[in-house]
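Remarks on the structure that follows.
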Amino acid sequence: MTIEAGQPLGQPTTVRQGGARRPLGELGLAALGRAGRAALLATGRPPVPDALEPLVRVHRRHHPQADLGLLARAYRLAEASHRGQKRKSGEPYITHPLAVTMILAQLGAGTTTLVASLLHDTVEDTELTLDQVGAGFGPEVAYLVDGVTKLEKVDFGAAAEAETFRKMLVATGDDVRVMVIKLADRLHNMRTIRHMKPASQVRIAKVTRDVLIPLAERLGIQVLKAELEDIVFATLHPEEHARTRALMTGHEAEPDTLLEPFARQLARQLAEGGVAAEVTVRPRHCVSLHRVLLRRAAVPGPDGRPQGPRPADFGRLLVVVEENADCYAVLGELHTCWTPLPGEFKDFVAAPKFNLYQSLHTAVALSGGAVVEVLVRTRRMHEVAETGVVALGDPSPAGAVQDADELDRTDPARPGWLSRLLEWQQETPDPDAFWSALTADLAGDREITVVTESGETLQLRAGATCVDAAYLLGEETGHRCIGARVNGRLTALSTVLEDGDQIAVLTETLPAGGGPPSGPAPEWLAHARTPAARLAIERWLADPPARQPVVRTGPAGGQPAPPGRPAAERRAAPVAVAGRPGASVRLARCCTPVPPDEVAGYPIRGGAVAVHRTGCPAGERMRADGRAELEVRWQSEGAPAAGHRATLRAEALNRPRLLADLTAAISGAGVGIVSAEVEPPQESRVRHTYTVELPEPAALPGLMRAMLKVSGVYDVSRPQAPEGS
């Protein structure tokens, strides 16, 4: 059975029979129901209450061997406990747990989940206790009921809502069904939100938008997420919702001259190609259409005006096949017979989304110029795409041995995003801080996967930076982070990571005598996108560890001089200029002179002297332009403020991991990398250029020898000037 996204889950759904006719004499559904009840009575088992009949029919489609006696017993207890209570709509309260349980039954949830759903409000709103639930239905049902039970405002005040969600997240970490029940509960409440006060409607809709809908997305329950989005849209933006609904209604009233004919044409083409497939038109739900229309209106048409809706905007084609290989066979037929649009193909079969979603996405242009989007997936992929973790079945008991293949052992109860939430929520005791961090973490609509150079896989929210990756590797790694290498190139810590990036976090080496690392800078907070990174940085900045005294040969760049010493004595000039004592000296960046290089000085603006290596083309041009060459000499005690920097160029045969090995050789020599540039390979040869900061000038020859020892490197030199100078 397929539940269409956007179709209210509480309404009956249709089951496609694929055109097959029922054999003569076969019982219909009504007759089967009567026969089943007669069989139950004949065996002496009590029939289920009439109120449960619709729910039982739906549940039996997914679980033919379900324990109906357990469901009946849970319903009778819930009905007796809620008897006399009314909802704001005036209906008996028992209609709410019944409706929530129907939603879960349509999703295909198991019997235990349905039992907990029938009882989910009893502990919160009636005299029934959690111990009584556990005694009557077992600890598993009691755990689920406790997980969705709200905390009392009497005890928590204004923090009750935030702490309730914290409690639910913690419970979801052990059993994902807690959040599934909560989402179904919120869906039914949103369906009846019109009975609430206007202010309450807005408040509930905003919490649903900011927290519950992102959670439904992360759990992959698309049918539930789509309906929640539409109701929130209607509540918060009624005018825009009404306009979009009017467009949908008008389109539905007109004959479909594009998508349905193309679906039939594609089905014929696939049949001729020997691919068994079911091709249907999948209408967009209201919010999905609204987003398409916004994108359409933002792009001017040929006349310069915003573009209006097109027939293809109202739906997409869904192709459902039997095997994974058939997905690519369909793709081949599509791209052979119609023109695919560049950049529109996405393979979520080979690389599933973080919520286990799998499909092939593509778009093709038809003969008339219309563009149609097509989704291709197997039947199993379709079940998971629609109902997410519910389609994976109930979680295995803790400690159960899994014999499945390693690739199939994804634990739906502990996906990466949930594990991160559970980690940082423990470190945010303040409810307001927790709520802000929760909504911020859920704001990203997708996750990305990056891989470290050592092969470790990191799951991050979209928009995460190198800072977030460093702290995901551990708080100690984050505090020691001094740089990052993304896809083989050195990059800033603020660099936003993309899905599939390869990253290496560069860390400082702690002193031999121990002591804390340098730690994060305040500006890192502007780069951190994940709560875990922000919390760790804020803790460090609020209470940095005490520094141990460090023996230095001289103050490092940016460090204050000891009190009482004149600024001129903090660091002597690296070179002395004959006839110009005290002149400001600048070591040229084009040739990066280092003692004991032969050097020459040339006057520049402001009375300063630029020092170039002898033979540097830039220095030779200055002399040719008429600037006087000044005699300069290195001073034994002098050093530039930023330390001696040198530029090195490595010529090598291109091979995998060459950049990683070269940077490792530089770091192994105790030298810091300021910048790096890798030119595109030419005829299997590649050129790397590094600017490094030397601990002392004498380290340069040893560094060059270490780089030359790297496999594939055949020359290391010091360039005289940048290319093209």
Side-chain angles (χ1 to χ4, degrees), residues 3-11 86-91 93 95-100 102-104 106-107 120-121 148 150 153 158 160-162 164-165 168 179-219 221-252 283-295 297 309 313-314 388 435-436 438-445:
I3 304 175
E4 294 293 340
Q7 175 184 350
L9 297 179
Q11 296 180 2
K86 299 285 187 181
R87 304 196 79 221
K88 290 188 180 295
S89 62
E91 298 174 307
Y93 195 90
T95 59
H96 171 65
L98 264 177
V100 172
M102 175 61 83
I103 292 171
L104 293 168
Q106 288 181 309
L107 292 174
H120 80 275
D121 274 340
V148 296
K150 295 179 183 177
K153 287 189 176 181
E161 185 170 41
T164 295
F165 272 101
M168 288 181 190
M179 191 56 65
V180 174
I181 295 173
K182 175 60 181 177
L183 289 169
D185 172 66
R186 178 55 60 96
L187 176 57
H188 182 250
N189 284 332
M190 292 299 291
R191 286 176 177 173
T192 58
I193 198 172
R194 64 186 180 278
H195 299 292
M196 304 288 290
K197 296 179 181 178
S200 297
Q201 291 185 32
V202 171
R203 178 183 61 79
I204 295 171
K206 286 182 176 179
V207 172
T208 304
R209 177 196 63 192
D210 296 339
V211 179
L212 273 304
I213 288 175
L215 286 172
E217 166 74 12
R218 279 155 175 74
L219 294 177
I221 313 177
Q222 177 62 29
V223 288
L224 197 151
K225 169 182 173 276
E227 188 175 351
L228 281 175
E229 282 185 328
D230 285 352
I231 300 174
V232 168
F233 184 36
T235 304
L236 299 181
H237 308 283
E239 295 181 358
E240 294 180 49
H241 177 267
R243 285 196 295 268
T244 307
R245 281 298 311 169
L247 284 173
M248 294 176 68
T249 303
H251 175 75
E252 291 166 0
R284 292 186 182 273
H285 64 100
C286 195
V287 169
S288 177
L289 176 61
H290 180 67
R291 289 172 181 152
V292 171
L293 297 180
L294 288 178
R295 291 196 298 269
D313 294 338
F314 291 88
W435 189 252
S436 299
L438 176 64
T439 54
D441 192 75
L442 295 175
D445 62 351

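Heavy atoms only: backbone and side chains are in, while hydrogens, waters and symmetry mates are out.
For Glu91, the side chain to side chain donor-acceptor pair (under 3.5 Å) criterion is met by Ser89, not counting sequence neighbours. Annotation: side chain to side chain donor-acceptor pair (under 3.5 Å) contacts of Thr95 (sequence neighbours excluded): none. With sequence neighbours excluded, the residues forming a side-chain contact (heavy atoms from CB on, under 4.5 Å) with Met168 are Thr164, Met179, Lys182, listed by chain and number. Applying the ring pair (Phe, Tyr, Trp, His ring centres under 6.0 Å) rule to His188 yields the partners His96; only residues at least two apart in sequence or on another chain are considered. Residues passing the salt bridge (charged side-chain N to carboxylate O under 4.0 Å, His left out) test with Arg87: none are found, sequence neighbours excluded.
Shown here for Phe165 and Val211, the closest heavy-atom pair between the two residues is CE2-CG1, 3.8 Å. When all heavy atoms are compared, the tightest approach of Glu229 to Arg291 is OE2-NH2, 3.0 Å. Closest of all the heavy-atom pairs between Met248 and Cys286 is SD-CA, 3.8 Å. In terms of heavy atoms, Val100 sits closest to Ile181 at CG1-O, 4.3 Å.
With a 4.5 Å cut-off on side-chain heavy atoms, Asn189 and Thr208 do not count as touching. Looking at heavy atoms from C-beta onward, Arg191 lies in side-chain contact with Ile103 at the 4.5 angstrom threshold.
Once rounded to the nearest 0.5 Å, the distance linking CZ of Arg186 with CG of Leu228 reads 8.5 Å. Taken from CE in Met190 to CE in Met196, the straight-line distance is 10.5 Å, to the nearest 0.5 Å. With rounding to the nearest 0.5 angstrom, the OG1 atom of Thr192 is 9.5 Å from the CG atom of Leu187. Note that the CG atom of Leu224 and the CG atom of Leu219 stand 9.5 Å from one another [nearest 0.5 Å]. Note that CD1 of Ile213 is 12.0 Å distant from CZ of Arg218, once rounded to the nearest 0.5 Å.
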Between Asp185 and Val148, does a side chain to side chain contact (heavy atoms under 4.5 Å, CB included) hold up when you go through it step by step? CA-CA 9 Å; Asp185 172 66; Val148 296; over 6 Å; no
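Using modelled atom types, one side-chain atom of Arg284 and one backbone atom of Asp313 make a donor-acceptor pair closer than 3.5 Å.
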Would you give me the side-chain donor-acceptor pairs under 3.5 Å for residues 235-243, sequence neighbours excluded?
unit_1	atom_1	unit_2	atom_2	d
Thr235	OG1	Ile231	O	2.8
Glu240	OE1	His290	NE2	3.1

